[in-house]
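Notes follow once the structure below has been shown.
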Amino acid sequence: MSKYLRWDTAVGILLIAVFLTGSGTTEGFADTGNLSSALNDTAEIALIALPMTLLVVAGQVDLSVASMLGLSSALAGSLWDAGWTFEMIVPVCLLVGVLGGLLNGWLVTRIGLPPLAVTIGTLTLYRGLASVVLGDKAVADFPEAYGKWAASTETVPGTFIPYPIALFIVLAVIAAVLLHSTGFGRSLYAIGAQEDAAHFAGIRVKRIKLALFAVSGLVASFAGIVYTLRYGSARADNGLGLELTVIASVLLGGVDFNGGKGTLGGAVAGVLLIGMLNNVLTLNDISGEIQVIVTGLLLITSVLTPRVVAVLSERRHRRAAAVS
Amino acid sequence: TTKDDAKDDAKKEAAGAKANPDAPLKKGLKLAFLPKQINNPYEQIVDKAGIAASKEFDATAKEVGPSDAKASSQVSYINTLIQQKQNAILIAANDPNAVCGPLKTAMKQDIKVVAYDSDTAKDCRQLFINQASSEEIGRSQVQRIAKQVDYKGQIAILSATQNATNQNTWIKYMKDELKDPKYKDMKLVKVAYGDDDDQKSFQETQGLLKAYPKLKGIISPTTVGVAAAARYISSSSYQGKVVLNGLGTPNQMRKFIKDGTVEEFSLWDPKKLGYLGAYAAAALASGQITGAQGEKFKAGELGEYTVGKDGEVILGPPTVFNKKNIDDFDF
Amino acid sequence: MTRSPVLAVRGLSKSFGAVRALTDVTLELHAGEAHALAGENGAGKSTLIKTLAGVHRPDAGAVRLDGEAADFGGPADARDAGIAVIYQEPTLFPDLSIAENIFMGRQPRRTLRRIDRTAVHDATAALMRRLGVPLDPERPARGLSIADQQIVEIAKALSFDARVLIMDEPTAALTGSETARLFSVVETLRAEGAAVLFISHRLEEIFRLCSKVTTLRDGRWIATDDVAGLTEDALVRRMVGRDLDELYPKQQATLGEVALSVRRLTREGVFRDVSFDVRRGEIVALAGLVGAGRSEVVQAVFGVDRADAGEVHVGGTKLRAASPTAAMDAGVALVPEDRRQRGLVMELSIERNIGLTGLGSLGSGGLIKRALERGRASDWATRLQLKYGKLSDSVEVLSGGNQQKVVLAKWLATEPTVLIVDEPTRGIDVGTKAEVHRLLSSLAAEGLAVLMVSSDLPEVLGMADRVLVMHEGRLAAEIPRAEATEESVMTAATGRNGKEAA
Amino acid sequence: MSMTTQDSRPAVPQADTSARSLVDTVFRARELSIGGALVLLILCTWLANSSFLDDQGIKDLLLNSSILVLLAVGQSVVVITRNIDLSVGSVVGLTAFACGDFAKNSGHSAFTVCLLGIGIGVACGLISGLLVSFGRVPALVVTLGMLYVLQGFGYWWASGDQINAATLPDGVLNLGSGSVLGIPYLPLLSAAALAATAYYLRTYRGGRELYAIGSNPEAARLAGIPIRRRVLAAYAFSGAIAGFAGALWLSRFGTVVADAANGWELTVVSAVVVGGVAITGGTGSVWGAALGALLLTTIGSALVVLKVSSFWQQAITGVLLLAAITTDRIVQQRTTSALRKRSRA
Ligand SMILES: Nc1ncnc2c1ncn2[C@@H]1O[C@H](COP(=O)(O)OP(=O)(O)OP(=O)(O)O)[C@@H](O)[C@H]1O
Ligand SMILES: Nc1ncnc2c1ncn2[C@@H]1O[C@H](COP(=O)(O)OP(=O)(O)OP(=O)(O)O)[C@@H](O)[C@H]1O
Ligand SMILES: [Mg+2]
Ligand SMILES: [Mg+2]
């Protein structure tokens, strides 16, 4: 596999296979309306997966993203309730997102705490703040004018792509270029693979990590606004537990949790694969728990397959070497 | 745009098609139950009863749903139900507003929407099958516990999640009821949230009793909460000193009624809720009713029901369970 | 000799993927014999050792123990057969104490199979005494200097009372006195009947310790000779396949203005009050005993460590403290001591590693041009005669010495004005070593200022225009080339001239 | 014989002996700082509301924390080997339901039920362990996958059914609510598991080898440590503990749906991390992890008793959590730098 087919490519192929099988066997799947809504349902996960991929490549992780999404949503709701204009609310939410990300980054780079530990802590904190901000209220009277930008029924003219997904595509291209063709991207791989060596090579490890966490917070809070508009509902518990789905998608795409390996395309394919598969399964009346099992099995397969292939090719090599 | 501008956005929908009260129930209707979460035991009972009821009028009914109680997960299910062109969707909403968009899309495509157990926003469904009048539930909870504590002392509420719509509506009426002068010696000291999580509710009960040593009573209007609270009290030194009342299922509470931890609690029959829901959905889909106030429909063996204000259909008053009658029920 | 060898291999072959590391290699180890293994970087020495130790499984050929075929399933089997190995790279558990490191998996036990902690401690203390180093058995291995780590490895190997002792460049990080002590211990073991297999790129050590030497070249067996009848030149010819040029090709360079100036640099508890200058065209050696704080000084100069006080000036301008980026911008390069942790990103390819120091200059507008990156890598790989398969191979698969070359390439590619090298030739074979020396020398001649930390005394004496000697965190002496001798440097390094320097 | 060993001691040089006692303090400090925080928290809460520490209060504290402590013990054994087990929450849910299904309307004893729980747990642990150790695939991915698979399986099996206290045999319920000498069984069982695990990790080769594997896997391989077997055993152990916790969960709460302990994986991991077990393996003790678990539950209980608004509880928990790991880290850094300065002085 390592030689002829990388796992991220395999996920891409799997995605296409699911798409083709779905169109062939499942009534209503290839319908543009269905595709729009299925795609739109992955919008927040897809958006957050972009900075998450960069973080994981750099050997970091941010578990607080879903809580930040909730905090941003709660904040948007309570400010809206207080009569703020939407044009004011969005920058405030994004600012809070950046600050939250900076706090994560500061704890990781300055105090030197492991990111997993830090962001489990801020996961609790940000979700708690969301509930402080909005309490048991649910704010729902957001204007149609904004809601439609996030709805799956409004698409980019001439396509079945809803606006959040269009935005995601643009950001994904930027992130891909950043990760794969710039010095910054190279630094991320170096930091993820061997932080000390990156530091000794003059790479500004701490600053880069700080920036990554800040971007992660920013995107998460932005996803919070998309979420709020898309569902027309601001609540403190919005996006609860989404962090593991995001991470599962990224890992499914072949990004190595230990850092230093993986591609952005793989991560995006991972996100879409889970989304499409769930859509096909739901259309076939396969209930939630089976979908969960399928996701889990896919995840295990994603790491097991490359291993098995590697072991097999190793065997073949050894046999060949022994013969020659 | 601010909130105030946005209010003008709300569009008035033209009144739907005329109802034909004499239309027969259509054959071969496709109904789908969408519970809050596929493994919510209470809603499982409701849905199974509803699916059974559908057989009586030759409809095919199914239950689909997410494995987590999140509004966002319900939305994708609604979308696929629309793709599948169901005749009616019965939904217990995790979030009254988040499911609105797709439900409206469904209604536009002539798919009938019936909310049950937990309502959606009013303009996103045709009917809401309410287990009992929210006001009556809220007020009666206070009235009952007041009698038990003799109109004196501190009480607390153990609710589900902070955002549970039905809970919050009931609590609103409870607080309102408590304003009545006859409760002047009673004081609601705290609303705690057990998140419909057994362990959390258990711990919250402990905390309440610790934080308010003079607490006389707890109302827990959620099946998970009341069972957890009962279990804690029964195994602690508070047994017999603190009154617990609320909404619970007989099977969960039997033990605590028998050992005296709980004198009484109430609930409606979830099977009837499902049964009524199925008939109501069928009536809508067959054009017997449109969801306007005053319309009437027959719900099989439960008899005739009338659509109330805001499209609400009320199942009936809850049953009060106590030592005497608890063994007559099994759910 | 009629005795059968303790450990032997015949017709051994081993390849990694497409790389043939060993082809048809034969080796015999006899009891009571110290046997050397010589060869250039990448000749396959470490691979041979790992095969003997059960780490690798041979593709062809078998390991024979006491004449019987031994099929080692893993390192544990070899260990149980009485083979102790010191690997080229220290393999310690940083979180565990030195004592635990030494006895892991073989701790003496009490009743109920519980570990006897006192026995573990005492046995370790005894080993440390035997090696003459004041290391506390309960100290965690984290933070030990490379040399101390190597000593723990040696202690571990000694603790086996092994019949076969295999050592892969154990002295690479050691200074003379420690090496001498190690040799006396090994000598005792050998006299007691153990077979010793020894690898070193320092030829004089081979001549001092061993009676036989086997030479490998490109993974093939070349010769096995008695050391007695062999000259250094003959051995080098066997290793390299040709005659070697001068070992320390010092070119005379004209000294320019001061390029690097360090003033009163202090890091609490590590070094204090260090001041010195390095001029353009000059090679300054920083000598001293292991743990004197040399590496720490150069790391603080480069900015990867924070100094508590003091200043660094490059070309007359003061460097921002604790910023390697600022140092690089000013033209400073540091080849660190620990190449696996700090010098290289092991998972990344050769070209990416070499490119890592020039991410800003490998393209335009922030984008990286692959062609430029590859060009930079292949230029330097050729100049340093790197032995590699493809530039896109990960550096992990390179031999130790070739890895060191990649680190050098990565820094030389930045075209620095001040080059700091920390143990630049550690683990590098004689041929390449001469190559590196020639390189440093010609770079200095071109006007580069070179600061070289080295524990290799001949290297220090052969290369340096000026020798700075550190003793326990302070500069103990500054010795010009003319006066630098083994005695003068060692005297300062051991602190015996403390009064003079003050 | 002991005479000779005594004699050999003073040979350790002076400077190092003082460094050594400092090293000891560093290691102890990790548990000390959490222990200190715990005591402080309990003390403050007690001063504010004395009933926090009455008989019932102590009993509640112990009962609340015992399952989390148990899980933290199992998790830390895995984390010490530089792995992680995210599937614990699902295993607890699955076993709690399975045990309930097995015990309901039957006369099975608590012992049998616990055995069943442990059995199921071991089976789950073995699957994860086999994948991680023999498949050599990243633990986080595999156990995240197992989290989903086991959760889905549990839900599918339960399909909305619920186990009710009323149908469970008294023996099982008694395990959860009964006590001996006023101390409930649950904390006793957790403490026993804790002490046994701690003793094993400290004084047996197998235990030390777990630390070695976590500290440097490559070195562990070269040292001939049977890594795969040990990692497999660590997962089986963590699974067994989670299964046992599932059985205890059933006995304590009586009412069980398949999503018991859903989402607990992160709580357990935070307990372990707060307790000073490095997520990167090799260091920490189960004592620390247990203290971490105790601290987390106590924070929860204390905030309720202190009448902190429900809306603020989670935020404050988050702040305290961050404060705990930050303080621990700073104390550790200070001691290390003191050690560095001392060793050179
Ligand atoms: N794990 C591996 N995978 C692929 N190739 C390897 C591996 N280990 C060693 N090699 C290759 O095998 C050859 C021999 O390497 P080895 O480490 O044995 O050399 P060496 O003689 O010890 O060199 P040095 O003196 O530099 O340590 C080298 O070409 C090296 O790149
Ligand atoms: N990361 C660290 N943590 C704690 N102590 C350290 C660390 N690195 C080095 N030391 C200690 O600092 C002292 C100076 O080490 P340094 O590596 O600078 O010495 P050196 O003169 O370069 O010797 P070497 O030849 O080993 O490189 C040594 O006693 C070493 O044990
Ligand atoms: Mg080697
Ligand atoms: Mg050094």
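In what follows, chains carry the letters A, B, and so on, assigned in the order in which the sequence lines appear, proteins first and then strands, with residues in each chain numbered from 1.
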Using heavy-atom distances under 4.5 Å, tell me whether [X] contacts chain A through its side chain, its backbone, both, or neither.
X        : value
D:Leu147 : side chain
D:Glu265 : side chain
D:Leu296 : neither

For chain A, find which of [options] contributes the most heavy-atom pairs closer than 4.5 angstrom.
options                      : answer
D:Gly135, D:Gly152, D:Gly318 : D:Gly152
D:Trp156, D:Tyr148, D:Phe153 : D:Tyr148
D:Leu86, D:Thr326, D:Leu150  : D:Thr326
D:Leu321, D:Val142, D:Leu144 : D:Leu144

Region of [X] that comes under 4.5 Å of a non-hydrogen atom in chain D:
X        : result
A:Ile111 : both
A:Leu297 : both
A:Leu63  : side chain
A:Leu129 : both
A:Thr301 : neither
A:Leu116 : side chain

For each of [options], tally heavy-atom pairs with chain D at distances under 4.5 Å, and name the one with the top tally.
options                                : answer
A:Leu244, A:Val118, A:Thr122           : A:Leu244
A:Gly241, A:Ser131, A:Gly288, A:Ala248 : A:Ser131
A:Leu123, A:Leu252, A:Val132, A:Ile300 : A:Val132

Whether the side chain of [X] engages the backbone of [Y] through a donor-acceptor N/O pair (distance < 3.5 Å, no angle test) should be reported.
X        : Y        : result
D:Arg329 : A:Leu113 : no
A:Arg307 : D:Val137 : no
A:Thr124 : D:Thr317 : no

For [X] and [Y], which heavy atoms make the closest approach, and how far apart are they?
X        : Y        : result
D:Val273 : A:Ala117 : CG1-CB, 3.1 Å
D:Ile279 : A:Pro114 : CG2-CB, 3.9 Å
A:Ser302 : D:Val141 : OG-CG1, 4.3 Å

With rounding to the nearest 0.5 angstrom, report the [atom1] to [atom2] distance, [X] to [Y].
X        : Y        : atom1 : atom2 : value
A:Leu107 : D:Ile325 : CG    : CD1   : 7.0 Å
D:Leu322 : A:Leu103 : CG    : CG    : 6.5 Å
A:Ile247 : D:Leu140 : CD1   : CG    : 7.5 Å

Next on the checklist: More than 12 heavy atoms of other residues, nucleotides or ligands under 6.0 Å from CH2 of D:Trp157: yes or no?
Outcome noted: yes
